[in-house]
Every structure is written in structure tokens, then in C-alpha cells.
Amino acid sequence: MERELYGREAIFGNDGLAARLTGLTPYGSARVAYEHRDDPPVAVLTGGRGMGKTAVLKQLRHLYREITPVALVDCEAVVPPADPGPGWTPVTGALPELATQLTAKVHAARPVQFPRLSLGLVAVASISWTREDETRAQRDLHSLGPVLATVDTRGDAATGWVTKVLSKLASSAFDSVVPLAGMVAEATVETVLEETFSRFQRRSADWYGSYPHAGGNGRIGLRQLAVDFERGGDLRRRAEDHLVLALVADLVRAYGGLARGARRGRPVLLLDNAHTVLGRQLVEPVLRQRASGVRDQIAVFASSRARDHEGLSHAVRRRLPEVAHGSHWVRGCEVTSGILAVELTALGPAHVQAAFDRHDPVGRAPAGLARGVHRLTGGRPLGVALLAQAVGEALVPGASRTGASAAGSLVPGALLDRTVELREDRAPVRVADELLAQLLPDRELDVLSVLAAAHGEDSARLLATARLRGRSLDGDVALQVRDVLRAQGWPVGPEYFVADPLLRALLLHRLRFQDGDHPHYAVWRAVHETLRTAYAPGGRCPSVPHRLHQELVLGRTRDCVTHLRERFTDGDVTAWLGSLRFIASAPFPRMPGSTGPDPRRAVALGRETGGSPAEGETGLAGLGERAVELQMQLRRLLHAVWLLSDPLALPDDEVIDKMAHELRQLSGRHPTGNSVLWDAATHWPRDIRAWRPLSMPPGSPGSNGPGTHGSGQGGGSNA
């Protein structure tokens, strides 16, 4: 069963993009007026990993497969068979798969036949056949069996061809001037036409008369096609392009001539990961033919991870909501203007809540958890789907209460540790592991987890040199990872080397727990100690805020609070608040499977168990009464901001109110920054309750960087 999709009404609505391009509604298969009757665009869905491109294409296949011919191919998953012959390439591997899916029976229409494509594929496959090796020919024809069956339904038809083809070749006069590939192809085509094609189907060979140097003779065109394919290079590309157009021509024929009126709507081609070389080879011949004025009336939907791919250079671009009722696409002069590039947008909070309601229909999940998941995932559909499923399975009556299964302890961070069952034939998987496997497939996660702790390129190179010995030469592995992330569409920024919040949280989660080294967390501690040393005075990139950020990552709060107290009376209170915000953005050193309340909450509310904390932990030793009061006040404030800024936790109204109270109290103590602190006490609670980052300066519409200006030594933006 296909995954339920949210926030994709612009595609699947009864007057959405899919209905207008296919002429049929996805639900109920009612007729719809074409938006582009004579010249449809190729619709390319763009977006990074986890944005739901594949899910949309699979849903299109699921909805249309019984009402119109439809085929889906993943251009990254077309792999050669165990023993491919010289006639196999990714293109000749993908085309039979597309044809086989398109020939499936649909309501009120005969199956589509592919005589033109069959002839071309057989001609190309025959280039390696010899009189001495009948096995090779048998194997190649067997692999083409499904597409050949669209013309001849006899299952054993191909078996008899091989003997007849090789006999015909043996009886032919050998001409050294004619390439052997062309001779074999010609003998093969003649045999296939005689033995399999009906009187009407034999005319399909005439289509190849338009091939270069064919002079209008289809049999010569097929022979030349085989010769060009064998020669390779640009000639092979030309032959492959013609094979793609053969599939298109067969589809056009099925929707024209005597069959006209017997079919409704348009056939649908779905090409996943079309930004790859294979994807372009399948799409570009169609685009060029359409640009030349030859129309085919096929609905083509493709996907591309690369929004700025050169193949989309002249595409008409729209965001998903903009195509809900009309795309307003117009063809330009360039070939790629035949593309309508639709950027898939993130899910909104209402969509996330709908996903939660599906998995948790009685509403057992804690209030705000859906919004917390939206904040963590940024609305990325893959993350939303897995975390919503984790919530549903955690709250099933009678489910195991290990880990975070109790409803009161369900927070986004705890959901990452949950396991979910994706398929009955597969063991349950941990949410964090599955998300990383899909968002960063086939990547060196050990390396990425280490570099996710870095703030910018310089600190990433430092970590690579210090912690990835044997993999890195002077930190160059960090630059390689940077390029890989960019190529995969992941942002790399100066504030965080891995700039996407969800991806960074997943990698840091892995860094924390990958080695099962509780309670030591040796890898986690070593990575962050390396950064702390580098940011310390005399280190490679000294910066007080960054060093204190690392202290907090390691669970040490004393120096952070002391620094905030010592700098509190500085003139630039906005910079002081920026430092507080940046220091408190540190990842919290979590314990595995913790089900109790977050320990930061008790500190923020002044309710630490076991009495007052030790002086050595709080930095109170040797301080006067007013300094002690300020130190404790800032300790509570730091823990409040730390907890409320954590994307793996949930906002707590009592802690929010306490944070506002502390800021107002500080406003009365500051000699010059009263109004700024008062504004923070007003606006920061609003930011948190609206699920926004803490604004800087408080109340501003934007959110700035780490807030290092005026807050200590050094610390450039690329730290």
C-alpha cells in the first residue's frame, strides 16, 4: 500500500497538475480539460532527499495504473543483468522495463503494443551474435522476452528466431565492406518481421526510414542503428535517442489512427531521479522532438534532486502551491523550456498534525509534539512520516514501555530512538538509522557524524585532521564532504558545517550513541573536547562563545554562567543576549532511553533535587552576595534558554514564564540595557510559542548568526 501523502493537493486534486496533464482525475478517472492540449510540458518535481518526490511518483502510478498506461523507472536503480551483452546499456535496460509496464491492461482499452521499439532493441541486441555462439543470442532474446511479447504473445516465439536468424546469416554472402553488426541486425530484423509481425505490424519497420543515412528505407535504418550503437560514443547516443523515440512513436500510434476514441486521457511516464545521466537520456530526446514541433501527447513526470541542474537551465519554474489550478507554462525558444519545474514545498504544521491524527487517532500524544516534529524536520515529508509512525506505535495500548514509550516522555529526541516496522518482511528499524539511510545513502556516516559537530569549514578541517587520521590529509576530507553535501542538495554554512537542522540532529545523535559507550560516550566527548581546545585561548581558532558552547555540549555549565555574569554589565547588552542564545544552542548530552523529565527543567525553575548545587559546580566560591544572586539567576536563565531552544525537546509553559521573569529581573539590574532585556522578556516567549528561533535583536523579524559580535576573543564566521 502506498504511503498517504499530505500537502500535495496541488498535484492530486481533481483539477490539480496530474489531472490537467493526463486529462483524467486521479480519483474516479473522470475526464478533465487539458491545460496544454497540443503541447504538454515535461513536469519535473524538484527537491532534496526526503522531500517526497519518489512518494509522489509512486502515488501517481498507484492512482493511474488501472485507467491509463503508466510506467515508473528509477533512473538510479537500472543495473545490468548478470551477463550483459554488448547491446546492453542503461538506456536499453530501461526501455524494455518502461514498455513492459505500459503494456499492462487498463480499463476499456487494448494493451499497448511496441513493434517499433521491439525491432530496434532486437537489432541492437544482435550486434554480438555469431554463427558459433547460439547461446549468446538465446540469452539476449530471452531478456527481451517481455517487450517482444507485446507484439507476439506466444511465449516461445523468440526461441525459434535464433536458429532462423543464424541460418539466414550462414546462407548470406559475406561482404567485407558491410559491418558484421549490420549484417546480423538485418538478418534478425527480416526474420522477426517474417515470423512474428502481422501484415499490418510489418509497416512499423518503415518508421526507421527516418534514421540518418537510411534514405527512407526502414530496414537500412535498423541496420545503421545497430552499426552506430556498436561504434559507441556520439553515434551510440544517437542510436539510443532513436530507441527512446521508438517507444514514444508506439505510444502515439496506440492513441491515434484506428484506435482513436478507444482510449481516454494520456499515457503516463514516471522517471525518478531524472537528474542522472540516464534520466537525461530518456527525457532529452522527447524535449528535442517536441521543440521541433512534433507532438506526442504523453504525460511525463520526472524528479530531480538538483534544483539548479543544467538540464533545467531554461525551465519554467513554479513552487508547488502555484500549480494547484494552473501552471501558466509557456514554451520558450530553448529546448529545456519544455520543462515545467515544480519545487516541492515542505509540509506545514497542519499537515504534520494530520499525519499524527492518522497514527494516533485518539490523541494520546503530548500537546505540541506534532509542532515539535515539524520544527525538527522542517516539514520534510520523510521525517514527518517516520516520526508520526513512531508516535503511533509507541502509543498502541499494550506496547512495550521501554525507552520513550510512555506518552508523557515522548519528545522529538526520544522518537529518534524508537523502532518502527516499515514492512512485514523486514525487521523493525530505528527511526534515526532509517532516516540517515534514506537521507544520506551510501555515505561514510562515521566521517559525517564527526564533522557534524563543526561550526564552519575551518573547524570541520580541524576535526578532520585531529579525529579522522588516516582519512584526511590536512583536513581535505572536510572539503570532500562539503562538496558531497552540496552535490546532494544539503546546505553547508558558516554557522554550522552541516546546516540542515534535521540532518545535523541525526548525525549528532549517531555521534552520541553509535558506539554504545554509555556512560562514557568516548567518541562524542573526544570530538567536542577537540573543538573546545581549539576555541580556547592559544588554540587554533580562539573564540570565547564557541568554547563555552562546547563546554555546554559536554555538560559543563559553570564557565558559561560565570562568563555571562562577568560580561553582563558591558555596554552592548544586545551582543550579550546574542552570546547567551548562541551558547545555549549547544546540543544537550542526552542519556539513552531516559523517560523522566528533562534535567534542565528543574534547574531552570530553581528546583534542583538534593538541595543547592555545590559551589564548584555553580562558580559561587568567593563571590559576594549580589554576585551570588546574579550567578544563580543566570544559571536558571541559561538552562531555560538551553531547554527551550532545543529542537529535540518541547517548549514548557512554566519554563517559558520563568525565562521571561528572569529577563525582567535582569532588566532592572542592568545599568543601560533595561529596554533590550525587557524586550527579550516580551518577545522571546512569543518566539518560542510561535515555534520560531529566538529573534535578535528581540522582536526583529529575522534571526541572525551565532551572536559573537562583541562577545569575546576572535571567532570569525567560519569558525
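For clarity, every value in this text was computed on a predicted model and none was experimentally measured. Throughout, numbering of the chain's residues begins at 1 and tracks the sequence.
Among Leu271, Val244, Val44, the one residue that satisfies the side-chain contact (heavy atoms from CB on, under 4.5 Å) test with Val283 is Leu271. Put simply, the residue from Leu95, Leu269, Thr276 that forms a side-chain contact (heavy atoms from CB on, under 4.5 Å) with Leu282 is Leu95.
For residues 341-351, the pairs satisfying side-chain hydrogen bond (donor to acceptor under 3.5 Å, both in side chains) are Arg307-Glu343, with sequence neighbours left out. Applying the salt bridge (Lys or Arg N to Asp or Glu O under 4.0 Å) test to every pair with at least one member in residues 312-331, sequence neighbours left out, gives these pairs: Asp39-Arg331. Pairs passing the side-chain hydrogen bond (donor to acceptor under 3.5 Å, both in side chains) check and including a residue from residues 285-295, sequence neighbours excluded, read Asp241-Arg288, Arg290-Asp296.
Side-chain contact between Asp250 and Leu102 is absent, with no heavy atoms from C-beta onward closer than 4.5 Å. Ser29 places none of its side-chain heavy atoms less than 4.5 Å from the side chain of Glu66. Residues Gln113 and Thr103 are not in side-chain contact: their nearest non-hydrogen atoms beyond the backbone lie 4.5 Å or more apart. Contact check for Val420 versus Leu422: side-chain heavy atoms found under the 4.5 Å cut-off.
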Tabulate below the donor-acceptor pairs under 3.5 Å that side-chain atoms of residues 378-388 make, not counting sequence neighbours, or state none.
from, atom 1, to, atom 2, distance (Å)
Arg380, NH1, Arg49, O, 2.5
Arg380, NH2, Asp500, OD1, 3.2

Please set out all donor-acceptor pairs under 3.5 angstrom arising from side-chain atoms of residues 16-23, sequence neighbours excluded.
from, atom 1, to, atom 2, distance (Å)
Arg20, NE, Glu35, OE1, 2.8
Arg20, NH1, Asp15, O, 2.7
Arg20, NH1, Gly16, O, 3.4
Arg20, NH1, Val323, O, 3.2
Arg20, NH1, Ala324, O, 3.1
Arg20, NH2, Glu35, OE1, 3.3
Arg20, NH2, Val323, O, 2.8
Thr22, OG1, Ala18, O, 2.8
Thr22, OG1, Leu24, N, 3.2
Thr22, OG1, Leu24, O, 3.0
Thr22, OG1, Tyr64, OH, 3.2

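A side-chain donor from one of Ser327 and His36 sits under 3.5 Å from a side-chain acceptor of the other.
A search for ring pair (Phe, Tyr, Trp, His ring centres under 6.0 Å) contacts involving Phe12 returns nothing, not counting sequence neighbours. For Phe301, the ring pair (Phe, Tyr, Trp, His ring centres under 6.0 Å) test picks out no residue, with sequence neighbours left out. For the ring pair (Phe, Tyr, Trp, His ring centres under 6.0 Å) test, no residue two or more places apart in sequence or in another chain qualifies with His325. Legend: residues meeting side chain to side chain donor-acceptor pair (under 3.5 Å) with Tyr34, ordered by chain and number and at least two apart, are absent. Scored by the side chain to side chain donor-acceptor pair (under 3.5 Å) test, His314 finds Thr336 as partners (sequence neighbours excluded). Not counting sequence neighbours, His374 has no partner by the ring pair (Phe, Tyr, Trp, His ring centres under 6.0 Å) test. Annotation: side chain to side chain donor-acceptor pair (under 3.5 Å) contacts of Gln297 (sequence neighbours excluded): Arg266.
Ring-plane geometry between His242 and Tyr208 is classed as tilted, the angle between the planes lying from 30 to 60 degrees on a 0 to 90 degree scale.
Side-chain N or O atoms of Lys53 include none that pairs as donor or acceptor with a backbone N or O of Ala302 at under 3.5 Å. Between the side chain of Asp360 and the backbone N or O of Ala365 there is at least one donor-acceptor pair closer than 3.5 Å. A donor-acceptor pair under 3.5 Å links the side-chain atoms of Arg263 to the main chain of Ala254, judged by distance alone.
Within a 6.0 Å sphere centred on CG of Asp425, other residues, nucleotides and ligands contribute more than 12 heavy atoms.
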